[in-house]
Amino acid sequence: MPGAKGGLYLWEQVQAYPEVILVEGLFDYAAVWQAGFQNVTCSLGPHLNTRQFRQLCDAPRTVYLAFDADTNGSGQQAAQSLAGRLREQGVNARRVSLPEGHDPNSFFAQGGDARQFQSLLEAAQ
């Protein structure tokens, strides 16, 4: 399991993908995976431990940071900080902009579909 010293959730199943979607929680993971995105993993929170960070940097890839769009901005601030750290390591990091107040789970629970989520990934900066 992810956590203080654990790695990214089911990393061995996604590490070979050239594009990885990183979400914060298990419900977010389940919603994205169920929508058909098999290249998803989660960290159990917006702040990665050293092992999780190294996992994302272990090969050339694009990492989509689909963190919560909290009304206080904390999820997006964490994504921005992580994106900068990943870029310093040569990882192509892109921040996914979910509608305000949503996380990936609530996005799908309130009617979002795979096509709309794919559009968010394509628009990620």
Side-chain angles (χ1 to χ4, degrees):
M1 285 296 288
K5 295 184 182 183
L8 295 165
Y9 186 69
L10 294 176
W11 180 246
E12 61 281 354
Q13 294 181 12
V14 299
Q15 67 185 13
Y17 284 96
E19 297 180 340
V20 173
I21 302 166
L22 178 65
V23 297
E24 292 182 54
L26 290 173
F27 285 112
D28 298 328
Y29 167 88
V32 173
W33 189 88
Q34 195 168 26
F37 298 90
Q38 309 302 299
N39 58 331
V40 61
T41 187
C42 79
S43 57
L44 286 187
H47 303 288
L48 276 63
N49 64 41
T50 301
R51 180 177 175 195
Q52 292 169 332
F53 184 78
R54 285 185 185 146
Q55 285 174 314
L56 292 175
C57 298
D58 70 359
R61 67 174 47 92
T62 298
V63 177
Y64 292 92
L65 304 172
F67 285 9
D68 301 359
D70 305 304
T71 54
N72 67 5
S74 62
Q76 290 302 301
Q77 288 172 357
Q80 183 172 345
S81 174
L82 178 57
R85 290 178 52 217
L86 288 168
R87 287 186 192 114
E88 288 173 0
Q89 298 300 312
V91 175
N92 182 14
R94 302 172 78 58
R95 291 178 296 122
V96 178
S97 295
L98 292 163
E100 187 174 337
H102 283 281
D103 58 27
N105 180 45
S106 66
F107 173 81
F108 287 107
Q110 294 189 0
D113 61 27
R115 182 185 51 77
Q116 292 168 327
F117 191 76
Q118 181 63 44
S119 292
L120 293 176
L121 293 176
E122 291 168 4
Q125 300 179 2

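Just so it is clear, the values below take in all heavy atoms, side chains as well, and ignore hydrogens, waters and symmetry mates.
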**Request:** Looking only at non-hydrogen atoms, find the nearest pair between Ala124 and Tyr64 and report the distance.
**Result:** CB-CD2, 3.9 Å

**Request:** For side-chain contact (heavy atoms from CB on, under 4.5 Å), just list the numbers for Tyr9 and Val23, CA-CA rounded to whole Å, side-chain angles, deciding distance to a tenth of an Å, and then say yes or no.
**Result:** CA-CA 10 Å; Tyr9 186 69; Val23 297; over 6 Å; no

**Request:** Determine whether Leu120 and Phe107 make a side-chain contact, defined as any pair of heavy atoms from C-beta on separated by less than 4.5 Å.
**Result:** yes

**Request:** Examine distances only and state if a side-chain atom of Arg95 and a backbone atom of Phe67 form a donor-acceptor pair shorter than 3.5 Å.
**Result:** no

**Asked** Partners of Phe53 by ring pair (Phe, Tyr, Trp, His ring centres under 6.0 Å), sequence neighbours excluded?
**Response** none

**Asked** Side chains of Leu98 and Asp68: does their closest heavy-atom pair fall under 4.5 Å?
**Response** no

**side-chain contact (heavy atoms from CB on, under 4.5 Å) between Leu22 and Ser43, intermediate numbers included** = CA-CA 7 Å; Leu22 178 65; Ser43 57; 4.2 Å; yes

**Prompt:** Are Asp70 and Gln76 close enough that some pair of their side-chain heavy atoms sits under 4.5 Å apart?
**Reply:** no

**Complete:** When rounded to the nearest 0.5 Å, the distance separating CD of Glu88 from CZ of Arg85 is 8.5 Å

**Asked** Do you know the tightest heavy-atom contact between Ala69 and Pro99?
**Response** CB-O, 3.4 Å

**Rounded distance [0.5 Å steps], OG1 in Thr62 versus CG in Leu121** = 11.0 Å

**Asked** Which pair of heavy atoms, one from Thr41 and one from Tyr29, lies closest together, and at what distance?
**Response** CA-CD1, 4.0 Å

**Request:** Answer yes or no: are there more than 12 heavy-atom neighbours, outside Gln116 itself, under 6.0 Å from its atom CD?
**Result:** yes

**Item:** Nearest atoms (heavy-atom pairs only) where Ala114 meets Phe37
**Value:** O-CZ, 3.6 Å

**Request:** Applying side-chain contact (heavy atoms from CB on, under 4.5 Å), run through Val91 and Leu56 and close with a yes or a no.
**Result:** CA-CA 8 Å; Val91 175; Leu56 292 175; 5.6 Å; no

**Item:** CZ (Arg54) with more than 12 external heavy atoms under 6.0 Å
**Value:** no

**Asked** Do Phe27 and Leu8 share a hydrophobic cluster, counting only Ile, Leu, Val, Met, Phe, Trp and Tyr and linking them when any side-chain heavy atoms are less than 4.5 Å apart?
**Response** no

**Prompt:** What distance separates Gln55 CD from Asn49 CG, expressed to the nearest 0.5 Å?
**Reply:** 8.0 Å

**Side chains of Val14 and Trp33 in contact at under 4.5 Å (non-hydrogen atoms)** = no

**Item:** Trace of the side-chain contact (heavy atoms from CB on, under 4.5 Å) decision for Asp103 with Glu24
**Value:** CA-CA 9 Å; Asp103 58 27; Glu24 292 182 54; over 6 Å; no

**Asked** Taking everything shown except Gln125 itself, do over 12 heavy atoms lie less than 6.0 Å from its CD?
**Response** no

**Prompt:** Say you draw a straight line from CG of Leu65 to CD of Gln80; how long is it, rounded to the nearest 0.5 Å?
**Reply:** 11.0 Å

**Request:** Search all heavy atoms of Ala66 against all heavy atoms of Pro104 and return the closest pair with its distance.
**Result:** O-CG, 3.5 Å

**Item:** Point-to-point distance, once rounded to the nearest 0.5 Å, from CG of Leu82 to CD of Gln52
**Value:** 10.0 Å

**Request:** List the atom of Cys57, the atom of Gln89, and the distance in Å for their closest heavy-atom pair.
**Result:** SG-CB, 3.7 Å

**Complete:** Hits for side-chain contact (heavy atoms from CB on, under 4.5 Å) against Gln13, two or more places apart or cross-chain, chain-then-number order -> Leu10

